[in-house]
Amino acid sequence: MPLIGSDRGVTSFLQLNTIFISMIMEAIPFVLIGVLVSGVIQTFVTEAWIARIMPRNVLLRTCFGCGIGVLFPSCECGIVPITRRLVMKGMPLNAGVAFMLSGPIVNPIVLFATFIAFGNDWRMVGIRAGLAIAVAFCVSLTIALIFKDDQLRHAGPAESAAVAPVAAALEPALATPGRPSIGARLSSVVSHGIDEFFDVGKYLVIGALLAAAMQTYIPTSYLLELGSDPLKASLVMIVLAFVMSVCSEADAFIASSFRSSFTVGSLSAFMVFGPMIDIKNTLMLLSAFRTRFVVSLIALVALFTLVGSLLVGRLFG
């Protein structure tokens, strides 16, 4: 006599496997492109040049910081070391924050991945980019009002011991580049891309597995009930974005898998908050900046993302 429970378990596992593999297969090409572009930026773009063209006016440099990610795209996995170098080179803190928050979202690779993930829907691309720029702009201006110095962590003996593991991981990225040959630079691009691919890949796998498990084992009726409340839905998706820590080049594929259960506003919260603040870049932030600044930054990003996602939900349903 066949075991019904066992058959149901096998069916559920096969469903989870199908969802998981489909998300991975869709996301991998964009992750590959993203890490190669990140390697090119890491190797060929100098922070000193960016600092030289920085506007002096607070509003202008905030706008500059929000928009520079279009020209110098970088995944959130490597944005903190880049931002730290920029601030060390003289970029104002608020402009660095604007770049750090918006860069992983407004760059062409991430926006095109969003377009593909949501079935060639330009509306979701516009919502994601618009909300990201709005959140980055508001947070950056607030940071300019609260913090007047660079907020870089200048660790004492006790602090150095506490953050040494993370700081050691960042040290190669913070080194000042010399003038190597083109061949050496191209080798550096490939090496950086390989390292970042494997670093990003594990978070993509974990995030896709969690998303697939939620859709397989959590009753659809419960997800629909949760997703129908805009506030609860946005809060849940913000928490999921933080915990999953999925690369911004792949998170749209996970977000799109929740389209039938969650609102447009909550999906935008997931795709904006995650690239700005997640587990891995929180650890990097704590190693690079003072704790009070990091806590304030996370709170501000969460607040403005939540408010923005609720507005998006009202405007776009």
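In this chain, numbering begins with 1 at the start of the sequence shown.
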**Student:** Answer whether the closest heavy-atom distance between the side chains of Arg123 and Val264 falls below 4.5 Å.
**Tutor:**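 Yes, their side chains come closer than 4.5 Å.
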**Student:** Side chain of Ser309, backbone of Leu306: donor and acceptor closer than 3.5 Å?
**Tutor:** yes
**Student:** Taking Asp121 for its side chain and Phe118 for its backbone only, find out whether a donor-acceptor pair lies under 3.5 Å.
**Tutor:**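 Flag not set: sc Asp121 to bb Phe118 has no pair under 3.5 Å.
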**Student:** Do the side chains of Met25 and Ile21 get nearer than 4.5 Å, heavy atoms only?
**Tutor:** yes
**Student:** In chain order, what residues pass the side chain to side chain contact (heavy atoms under 4.5 Å, CB included) check against Ala144, with sequence neighbours excluded?
**Tutor:** Val58, Asn94
**Student:** Checking the side chain of Asn107 only, and the main-chain atoms of Gly103 only, is there a donor and an acceptor separated by less than 3.5 Å?
**Tutor:** yes
**Student:** Do Cys66 and Phe99 make a side-chain contact, defined as non-hydrogen atoms from C-beta onward lying under 4.5 Å apart?
**Tutor:** no
**Student:** Hey, could you give me each pair passing ring-ring contact (aromatic ring centres under 6.0 Å, His included) that has a residue in residues 265-292? Not counting sequence neighbours.
**Tutor:** Phe289-Phe293
**Student:** Is there a path of hydrophobic side-chain contacts, each under 4.5 Å between heavy atoms of I/L/V/M/F/W/Y residues, joining Ile143 to Leu145?
**Tutor:**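 No, Leu145 does not connect to Ile143 through the hydrophobic network.
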**Student:** Nearest 0.5 Å, please: how far is OG in Ser261 from CE in Met237?
**Tutor:** 9.0 Å
**Student:** So how far is it from Met276 CE to Met271 CE, rounded to the nearest 0.5 Å?
**Tutor:**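 Result: 12.0 Å between the selected atoms.
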**Student:** With ILVMFWY side chains joined below 4.5 Å, transitively, what does Leu303's cluster contain besides itself?
**Tutor:**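 Leu303 clusters with Val307, Leu311.
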**Student:** Mind checking whether Ile298 and Val239 sit in one hydrophobic cluster, side chains of I, L, V, M, F, W, Y counted as touching below 4.5 Å?
**Tutor:** yes
**Student:** Are Phe137 and Leu300 linked, directly or through intermediate hydrophobic residues, by side-chain heavy-atom contacts shorter than 4.5 Å (ILVMFWY only)?
**Tutor:**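 Cluster IDs for Leu300 and Phe137 differ.
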**Student:** In Å, rounded to the nearest 0.5 Å, how long is the span from CG of Leu186 to OG of Ser191?
**Tutor:** 12.5 Å
**Student:** Report yes if some heavy atom in the side chain of Arg290 is under 4.5 Å from a heavy atom in the side chain of Leu285; otherwise report no.
**Tutor:** no
